[in-house]
Asks: 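Quick one: structure below, then a few questions.
We number each residue from 1, following the sequence as shown.
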Amino acid sequence: MLRKLFEKLFLGSYYFTIAIKRRDGNILNALRFDAEYVFPANADDWCADPILAEDNGKTFLFYEKVENDLGRIEVVEIYDDCTVSKPNVILSGNSHYSYPYVFRQSGKWYMIPESSALGEVCLYEAEEFPFKWKKAKMLLEERVVDTTVFEYKGNTYLLTFILDKGSECVEPKAYRLDEGKLTQLNWTAKSKLAVRGAGAPFEYEGSLYRPVQIS
């Protein structure tokens, strides 16, 4: 309550948006980010949680679209000049959806949207990528955020985070994912983390990096 009052009195309305730039050299050494396209946004109509996917020479951007505090999942194609196509809604309802993590496994496309308001983590399979999806399986019945899947050294892993109420601290959980079956693993960080997930971990010069949101 005090945090919301502080934001209202001193910070004013705030919102998120998405900026696009062509990859140019080593992104880890970049000193600044000069966007070539920025999604229009305002306090009542904004977007967040961008996830990229490439298929048949095209690049698609999946993201959370929020209007009047209710989130849905949309997708656009990114063109060569960094502009985007008309958005297509691929998942919406009376509940809030965000962080549409999209990945490919064994030639099939899957998506795990954040649906913590429903207290579940569900796996969706593409019937017609990238516009048509069906719910394939319930993976977890928990209120978690930023569920992310990635492959590393021949194994597929699923990371997810239990969000502390009133803060951005999270309790991480890690699983091995094998054909829709989850096996929980020990996470090396024993304490709660102050950073949430922000996309798939990636390798660089022999090390594994995990992108995070620093709120």
Side-chain angles (χ1 to χ4, degrees), residues 15-23 27 33 35-41 45-118 120-140 144-151 156-161 177 180 196-202 210-213:
Y15 52 89
F16 301 95
T17 190
I18 297 170
I20 300 173
K21 179 185 180 351
R22 292 180 185 86
R23 181 180 298 167
I27 61 173
F33 185 93
E36 295 176 61
Y37 179 80
V38 178
F39 280 63
D45 184 351
W46 49 270
C47 51
D49 295 349
I51 302 291
L52 291 170
E54 294 183 84
D55 188 59
N56 292 324
K58 295 182 178 181
T59 301
F60 298 98
L61 177 68
F62 296 79
Y63 58 95
E64 170 196 8
K65 176 70 170 181
V66 175
E67 290 183 351
N68 301 317
D69 294 327
L70 187 63
R72 63 178 183 264
I73 305 303
E74 294 186 349
V75 62
V76 294
E77 180 183 349
I78 301 179
Y79 299 130
D80 290 340
D81 62 357
C82 287
T83 60
V84 300
S85 66
K86 181 180 178 181
N88 285 269
V89 178
I90 59 172
L91 182 61
S92 63
N94 295 324
S95 185
H96 184 87
Y97 295 99
S98 59
Y99 198 81
Y101 193 79
V102 177
F103 64 99
R104 182 159 45 187
Q105 189 175 51
S106 301
K108 295 182 179 181
W109 282 101
Y110 297 96
M111 175 176 64
I112 301 178
E114 181 183 310
S115 52
S116 59
L118 297 174
E120 61 185 28
V121 177
C122 289
L123 181 70
Y124 287 74
E125 182 179 341
E127 294 182 300
E128 296 178 14
F129 185 85
F131 304 119
K132 189 176 180 181
W133 299 79
K134 66 178 180 180
K135 185 182 290 188
K137 187 173 184 179
M138 173 88 72
L139 296 176
L140 292 168
V144 293
V145 297
D146 308 329
T147 300
T148 301
V149 174
F150 69 102
E151 293 185 6
T156 301
Y157 297 98
L158 182 148
L159 309 180
T160 195
F161 307 87
L177 177 62
R196 296 168 51 170
F202 62 92
R210 183 174 75 88
V212 299
Q213 304 176 52

Asks: Rounded to the nearest 0.5 Å, how far apart are CD of E77 and NZ of K58?
Replies: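 If we round to the nearest 0.5 Å, E77:CD and K58:NZ are 5.0 Å apart.
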
Asks: Do V144 and S116 make a side-chain contact, defined as non-hydrogen atoms from C-beta onward lying under 4.5 Å apart?
Replies: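 Heavy-atom side-chain distance check fails, nothing below 4.5 Å.
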
Asks: Just verifying a value: how many Å separate L123 CG and M138 CE, rounded to the nearest 0.5 Å?
Replies: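 Here the rounded value is 11.5 Å.
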
Asks: Taking C-beta and beyond as the side chain, do Y79 and S85 meet within less than 4.5 Å on heavy atoms?
Replies: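 Yes, close enough: below the 4.5 Å cut-off.
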
Asks: How many angstroms lie between CZ in F39 and CD1 in I20, if you round to the nearest 0.5 Å?
Replies: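 Rounded to the nearest 0.5 Å, the CZ-CD1 separation comes to 4.5 Å.
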
Asks: Indicate yes or no for a side-chain donor-acceptor contact from E125 to the backbone of Y110 under 3.5 Å, with no hydrogens or angles considered.
Replies: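 Checking the backbone N and O of Y110 against the side chain of E125, no donor-acceptor pair under 3.5 Å is found.
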
Asks: Mind checking the CD-CD1 spacing from E128 to I90? Nearest 0.5 Å is all I need.
Replies: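 The CD atom of E128 sits 13.0 Å away from the CD1 atom of I90.
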
Asks: Minimum heavy-atom separation for L70 and N94, please, with both atom names.
Replies: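 What the structure gives for the nearest pair is CD1-O, 3.9 Å.
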
Asks: Are any of the side-chain heavy atoms of L159 and R210 separated by less than 4.5 Å?
Replies: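 Yes, at least one pair of side-chain atoms sits under 4.5 Å.
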
Asks: Check the pair Y37, D81 against side-chain contact (heavy atoms from CB on, under 4.5 Å), reporting the backbone distance first and the verdict last.
Replies: CA-CA 9 Å; Y37 179 80; D81 62 357; over 6 Å; no

Asks: Yes or no on side-chain contact (heavy atoms from CB on, under 4.5 Å) for E74 and L61, after CA distance, side-chain angles and deciding distance?
Replies: CA-CA 8 Å; E74 294 186 349; L61 177 68; over 6 Å; no

Asks: Within a strict 4.5 Å, meaning less than it, do heavy atoms of the Y15 and V66 side chains meet?
Replies: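 Sidechains of V66 and Y15: no contact.
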
Asks: Is the shortest distance from a Lys or Arg side-chain nitrogen in E67 or R72 to a carboxylate oxygen in the other one below 4.0 Å?
Replies: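 Looking at E67 and R72, the cut-off is met.
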
Asks: At their closest point, which heavy atom of A19 faces which heavy atom of A35, and how far apart are they?
Replies: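 Smallest heavy-atom distance, with atoms named: CB-CB, 3.7 Å.
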
Asks: Report the relative orientation of the aromatic rings in F62 and F129; use parallel for angles under 30°, tilted for 30 to 60°, perpendicular for over 60°.
Replies: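 It falls in the tilted class, 30° to 60°.
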
Asks: For residues E64 and Y99, is any side-chain donor paired with an opposing acceptor at under 3.5 Å?
Replies: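 The answer is no; no qualifying pair exists.
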
Asks: Where do R104 and E54 come nearest, in terms of heavy atoms and distance?
Replies: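 Where R104 meets E54 most closely, the heavy atoms are NH2-O, 3.5 Å.
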
Asks: Ignoring hydrogens, what is the shortest heavy-atom contact between M111 and P100? Give both atom names and the distance.
Replies: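 For M111 and P100, the tightest heavy-atom pair comes out as SD-CB, 3.9 Å.
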
Asks: What are the two closest heavy atoms between Y63 and P50, and how far apart are they?
Replies: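 Looking at all heavy atoms of both residues, the closest pair is CB-CA, 4.3 Å.
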
Asks: First locate atom CD of E114, then atom CZ of R196, and finally report the distance between them rounded to the nearest 0.5 Å.
Replies: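 Here the rounded value is 5.5 Å.
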
Asks: Heavy-atom distance under 4.5 Å between the side chains of V145 and S98, does that happen here?
Replies: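 V145 does not reach S98 side chain to side chain.
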
Asks: Can you check side-chain contact (heavy atoms from CB on, under 4.5 Å) on L158 and L139, steps first, answer last?
Replies: CA-CA 10 Å; L158 182 148; L139 296 176; 4.0 Å; yes

Asks: Does the T148 side chain pair with the main chain of D146, one donor and one acceptor, at a distance under 3.5 Å?
Replies: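 Present.
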
Asks: Would you give the length of the straight line joining atom CG of L177 to atom OG1 of T147, rounded to the nearest 0.5 angstrom?
Replies: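 L177 CG to T147 OG1: 11.0 Å, rounded to 0.5 Å.
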
Asks: Between W133 and W109, which heavy-atom pair has the shortest distance, and what is it?
Replies: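 Scanning both residues, the minimum pair turns out to be CZ3-O, 3.7 Å.
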
Asks: Check whether any side-chain heavy atom of I112 sits under 4.5 Å from a side-chain heavy atom of T160, and report yes or no.
Replies: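 Not touching, per the 4.5 Å side-chain cut-off.
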
Asks: I73 vs Y124, test: side-chain contact (heavy atoms from CB on, under 4.5 Å). Steps then yes/no.
Replies: CA-CA 12 Å; I73 305 303; Y124 287 74; over 6 Å; no

Asks: For atom NZ of K21, decide whether the heavy atoms of other residues, nucleotides or ligands shown that lie under 6.0 angstrom number more than 12.
Replies: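 More than 12 heavy atoms, drawn from other residues, nucleotides or ligands, come within 6.0 Å of this atom.
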
